[in-house]
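A short worksheet on the structure shown next.
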Amino acid sequence: MKGISKLAIGIALTSHGLRAVAAVEEPAHIDWGVVEVTPLAVLNIGYDDNIFQNSVTDGLKNKSSTVYDLEASVEFKAQQGLNTYVVRAAAKNKHFTSEQDADFTNIGLDANLNHELNSRNRIDLTLGIGNYHDEGSTVNGVVDLSAPEYIRTTGRLLYGLGGQEAILRADLFGGYNMQDYKTSNGLAQGNDRKTTELGGTAFYRFMPVTDALVEIKQRKLDYTGVNSAGYDITSYLVGLSWEATVKTTGYAKLGRRYRSSQVSGVGSEGYTGWEVGASYLPLEHSLIQFSTARDYGLESGNPQDVTFTQGTSTEVSWKHGWTSRISTRVTYRYTDEELQRASGEALKHLTLNDFGVGVEWQLRRYATLGFSWNTIDRNEKALAVGQTPDGFSRNVYMLTAEVSL
């Protein structure tokens with residue numbers, strides 16, 4: 001699997017702040033009775049100086065290209081009181097002028113149901129299915145530059161018990177993500193995999209805007225069609241969630257995480273982990289967000305070895321509206337991880353610096369222009385014999401045009 005793993009560092013932060021600094025107004029919609037239909041089209045034109053995210057393999061080193069990225073979507077939304085029902089279809093075509101074999105088209109369909117059964121019971125259900133590609137990877141090195149293609153099915157259910165302002169309440173949640181890779185010349189383009197998650201969080205409101213919480217959750221990685229042992233991660237966390245003022249919300253969790261493997265003779269191991277996030281709205285048109293986590297990563301490059309990652313990831317972002325039509329954003333993410341085998345043997349040390357800036361200018365209510373620059377620097381150090389560091393650097397420049405009704 002290409003790229004460094006993304007740790008689970010985010011529980012969603014305040015959405016009202018994001019809307020406050022957005023340069024684009026809410027797109028207009030068409031009313032079909034009780035259903036609102038919202039079409040949207042986005043064209044990105046830019047330059048990528050390392051489309052295969054590779055600085056080691058001959059034939060793939062630092063391959064650059066002009067990029068055309070066209071995205072189109074249509075959303076169907078119905079709302080009844082506090083209940084919301086959404087279906088969204090989207091397609092994305094990406095074209096590389098210098099490496100056309102790497103072109104791909106993604107198509108997906110997602111549905112979300114947010115339903116209040118009564119004041120003490122609520123359901124949030126999300127389902128998705130689509131045809132996607134592993135951008136930046138190849139099916140077979142320089143022999144076949146096509147991006148590996150797979151069918152992805154996802155689902156997530158959250159059941160809330162107890163009123164939002166009650167002294168005691170709980171959230172029970174579960175989810176899955178399945179990736180079934182297509183074949184090329186009789187061989188699978190990737191390793192079919194399934195990840196699942198189950199857990200629950202109990203909240204105790206001991207102050208008007210502050211809850212103590214206890215959370216238990218388990219994530220599991222399984223492969224199909226290969227001789228893979230798989231493994232699971234169980235977390236026991238305690239902490240706080242708060243909304244100190246209209247301008248500040250956040251959460252902090254600390255506890256133990258344990259990784260278990262089905263590899264013969266390999267026992268479980270554990271270490272201290274955390275999840276912290278905060279959102280601050282110093283001005284009506286400015287939003288600062290911060291999150292950090294220390295966790296195991298559900299990602300494996302070699303199913304037979306069941307390699308996984310363990311480390312810390314931190315992210316900070318600032319979105320600011322300078323005028324009613326012009327806004328900017330700045331983001332930075334730092335990841336420090338160790339790649340290990342199921343036995344716990346350290347293979348590589350990985351660090352990732354990801355920095356991005358962007359500006360948006362709303363020309364009309366229905367049209368917005370934007371420019372962005374994103375730079376990534378991945379460094380690797382081998383910690384075991386036979387390991388080959390494959391770090392890389394990458395810069396992507398994009399000019400964006402967004403059009404709605």
**OP:** Give the intermediate values and the outcome of side-chain contact (heavy atoms from CB on, under 4.5 Å) for residues Lys217 and Leu198.
**Re:** CA-CA 6 Å; Lys217 61 184 177 182; Leu198 288 173; over 6 Å; no
**OP:** With the side chain counted from C-beta on, respond yes when Phe76 and Arg88 share a heavy-atom pair under 4.5 Å apart, and no when they do not.
**Re:** no
**OP:** Report the distance from atom OG1 of Thr314 to atom OH of Tyr334, rounding to the nearest 0.5 Å.
**Re:** 9.0 Å
Subject >> Heavy-atom side-chain proximity of Ser313 to Arg333 below 4.5 angstrom >> reply: yes
Original post:
So does Glu135 pair up with Lys94, basic N to acidic O under 4.0 Å?
Top reply: yes
**OP:** With rounding to the nearest 0.5 Å, note down the distance linking CZ in Phe104 to CG in Asn93.
**Re:** 8.5 Å
Subject >> Minimum side-chain heavy-atom gap Trp274-Leu237 below 4.5 Å >> reply: no
Subject >> Exercise: do Tyr85 and Asn114 side chains pair donor with acceptor under 3.5 Å >> reply: no
Original post:
Quick one: does Leu213's side chain get under 4.5 Å of Tyr204's, heavy atoms only?
Top reply: no
Original post:
Does the pair Lys194/Asp180 count as a salt bridge with the N-to-O cut at 4.0 Å?
Top reply: no
Subject >> Arg294 (side chain) donor-acceptor with Thr272 (main chain) under 3.5 angstrom >> reply: yes
Original post:
Donor-acceptor pair, Asp110 side chain versus Val87 backbone, under 3.5 Å?
Top reply: no
Subject >> Cation-pi check, Lys253 onto Tyr251 ring (under 6.0 Å, within 45° of axis) >> reply: yes
Original post:
Between Thr331 and Ser317, is any side-chain donor less than 3.5 angstrom from a side-chain acceptor?
Top reply: no
Original post:
Step by step, would you call Gln310 with Glu337 a side-chain contact (heavy atoms from CB on, under 4.5 Å)?
Top reply: CA-CA 5 Å; Gln310 173 184 321; Glu337 295 182 334; over 6 Å; no
**OP:** Would you please classify the geometry between the Trp318 ring and the Trp322 ring as parallel, tilted or perpendicular, with 30° and 60° separating the classes?
**Re:** perpendicular
**OP:** Give the minimum heavy-atom separation between Ala102 and Phe96, together with the two atoms involved.
**Re:** O-CE1, 3.6 Å
Original post:
How close do Glu116 and Leu82 get, heavy atom to heavy atom, and via which atoms?
Top reply: CG-CB, 3.8 Å
Original post:
Can a salt bridge be assigned to the pair Arg259 and Asp232 using a cut-off of 4.0 Å between side-chain N and carboxylate O?
Top reply: no
Original post:
Between Thr201 and Glu215, is any side-chain donor less than 3.5 angstrom from a side-chain acceptor?
Top reply: yes
Original post:
Just by modelled atom types, is the Tyr132 backbone N or O under 3.5 Å from a matching donor or acceptor in the Lys92 side chain?
Top reply: no
**OP:** Please tell me if the side chains of Leu383 and Leu347 come closer than 4.5 Å, counting only heavy atoms from C-beta onward.
**Re:** no
**OP:** Measure from NZ or CZ of Arg256 to the centre of the six-membered ring of Tyr236 and say whether it is under 6.0 Å with the direction within 45° of the ring axis.
**Re:** no
Subject >> Donor-acceptor contact present, side-chain Arg122 to main-chain Gly162, <3.5 Å >> reply: yes
Original post:
Do you know which two heavy atoms are closest between Arg257 and Ser235, and how far apart they sit?
Top reply: NH1-OG, 2.8 Å
**OP:** For Asp211 and Trp242, indicate whether the former's side chain and the latter's backbone hold a donor-acceptor pair under 3.5 Å.
**Re:** no
**OP:** Assess whether atom CG of Asn185 is packed by more than 12 heavy atoms of other residues, nucleotides or ligands within 6.0 Å.
**Re:** no
Original post:
So, Glu99 side chain and Asp101 main chain: donor-acceptor pair closer than 3.5 Å or not?
Top reply: no
Original post:
Does any donor atom in the side chain of Thr368 or Gln362 lie under 3.5 Å from an acceptor atom in the other side chain?
Top reply: no
Original post:
Is the backbone N or O of Val67 less than 3.5 Å from a side-chain atom of Ser65, with the two atoms forming a donor-acceptor pair by type?
Top reply: no
Original post:
With distance as the sole test, does Ser291 use its side chain to make a donor-acceptor pair with the main-chain N or O of Val276 at under 3.5 Å?
Top reply: no
Subject >> Reported CD-to-OG1 distance for the pair Gln189 and Thr138, which is rounded to 0.5 angstrom >> reply: 10.5 Å
**OP:** Look only at the side chain of Arg325 and the backbone of Leu363, and say whether a donor-acceptor pair between them is shorter than 3.5 Å.
**Re:** yes
Subject >> Modelled atom types, side-chain donor and acceptor of Ser286 and His320, under 3.5 Å >> reply: yes
**OP:** Verify the distance criterion only: is there a donor paired with an acceptor across the side chains of Asp336 and Thr312 at less than 3.5 Å?
**Re:** no
Subject >> Gap separating the OG1 atom of Thr400 from the CD atom of Glu71, nearest 0.5 angstrom >> reply: 8.5 Å
Subject >> Check: Thr126/Asn112 side-chain N/O donor and acceptor closer than 3.5 Å >> reply: yes
Original post:
If we only count heavy atoms from C-beta on, is the Thr196 to Arg219 side-chain gap below 4.5 Å?
Top reply: no
Could you list the donor-acceptor pairs under 3.5 angstrom formed by side chains in residues 45-52, with sequence neighbours left out?
from: Tyr47; atom 1: OH; to: Ser64; atom 2: OG; distance (Å): 3.3
from: Asp48; atom 1: OD1; to: Asn50; atom 2: N; distance (Å): 2.9
from: Asp48; atom 1: OD1; to: Arg394; atom 2: NE; distance (Å): 3.2
from: Asp48; atom 1: OD2; to: Arg394; atom 2: NE; distance (Å): 3.1
from: Asp48; atom 1: OD2; to: Arg394; atom 2: NH2; distance (Å): 2.5
from: Asp49; atom 1: OD1; to: Asn395; atom 2: N; distance (Å): 2.7
from: Asp49; atom 1: OD2; to: Asn395; atom 2: ND2; distance (Å): 3.1
from: Asn50; atom 1: OD1; to: Gln53; atom 2: N; distance (Å): 3.1
from: Asn50; atom 1: OD1; to: Asn54; atom 2: N; distance (Å): 3.0
from: Asn50; atom 1: ND2; to: Asn62; atom 2: OD1; distance (Å): 3.4
from: Asn50; atom 1: ND2; to: Ser393; atom 2: O; distance (Å): 2.9

Original post:
Just by modelled atom types, is the Ala382 backbone N or O under 3.5 Å from a matching donor or acceptor in the Gln387 side chain?
Top reply: no
**OP:** Could you label the plane-to-plane angle of the Trp373 and Phe355 rings as parallel, tilted or perpendicular, counting under 30° as parallel and over 60° as perpendicular?
**Re:** perpendicular
Return a table of donor-acceptor pairs under 3.5 angstrom between the side chains of residues 139-152 and protein atoms on other chains or two or more places apart.
from: Asp144; atom 1: OD1; to: Ser146; atom 2: N; distance (Å): 3.0
from: Asp144; atom 1: OD1; to: Ser146; atom 2: OG; distance (Å): 2.9
from: Glu149; atom 1: OE2; to: Asn131; atom 2: ND2; distance (Å): 2.7
from: Glu149; atom 1: OE2; to: Lys182; atom 2: NZ; distance (Å): 3.1

Original post:
What's the shortest heavy-atom distance between Ser327 and Gly321, and which atoms?
Top reply: CB-CA, 3.9 Å
Subject >> Gap between atom OG of Ser372 and atom CG of Leu399 - 0.5 Å precision >> reply: 8.5 Å
Subject >> Any side-chain heavy-atom pair of Leu158 and Ile123 under 4.5 Å >> reply: no
Original post:
Do the side chains of Val35 and Lys77 get nearer than 4.5 Å, heavy atoms only?
Top reply: no
Subject >> Atom of Leu127, atom of Gly155 and distance for their closest heavy-atom approach >> reply: CD2-CA, 4.0 Å
Subject >> Charged N-O contact under 4.0 Å between Glu243 and Arg205 >> reply: no
Subject >> Between NE2 on residue His95 and CG on residue Asp69, distance to nearest 0.5 Å >> reply: 12.0 Å
Original post:
So, Tyr296 and Gln340: side-chain donor and acceptor under 3.5 Å apart, yes or no?
Top reply: no
Original post:
Does one side chain, of Arg193 or Tyr181, offer a donor that lies under 3.5 Å from an acceptor on the other?
Top reply: yes
Original post:
Which heavy-atom pair separates Thr234 from Gln218 by the least distance, and what is that distance?
Top reply: OG1-NE2, 3.2 Å
**OP:** Check the pair Phe290 / Tyr280 against side-chain contact (heavy atoms from CB on, under 4.5 Å), numbers first and verdict last.
**Re:** CA-CA 9 Å; Phe290 168 84; Tyr280 177 51; over 6 Å; no
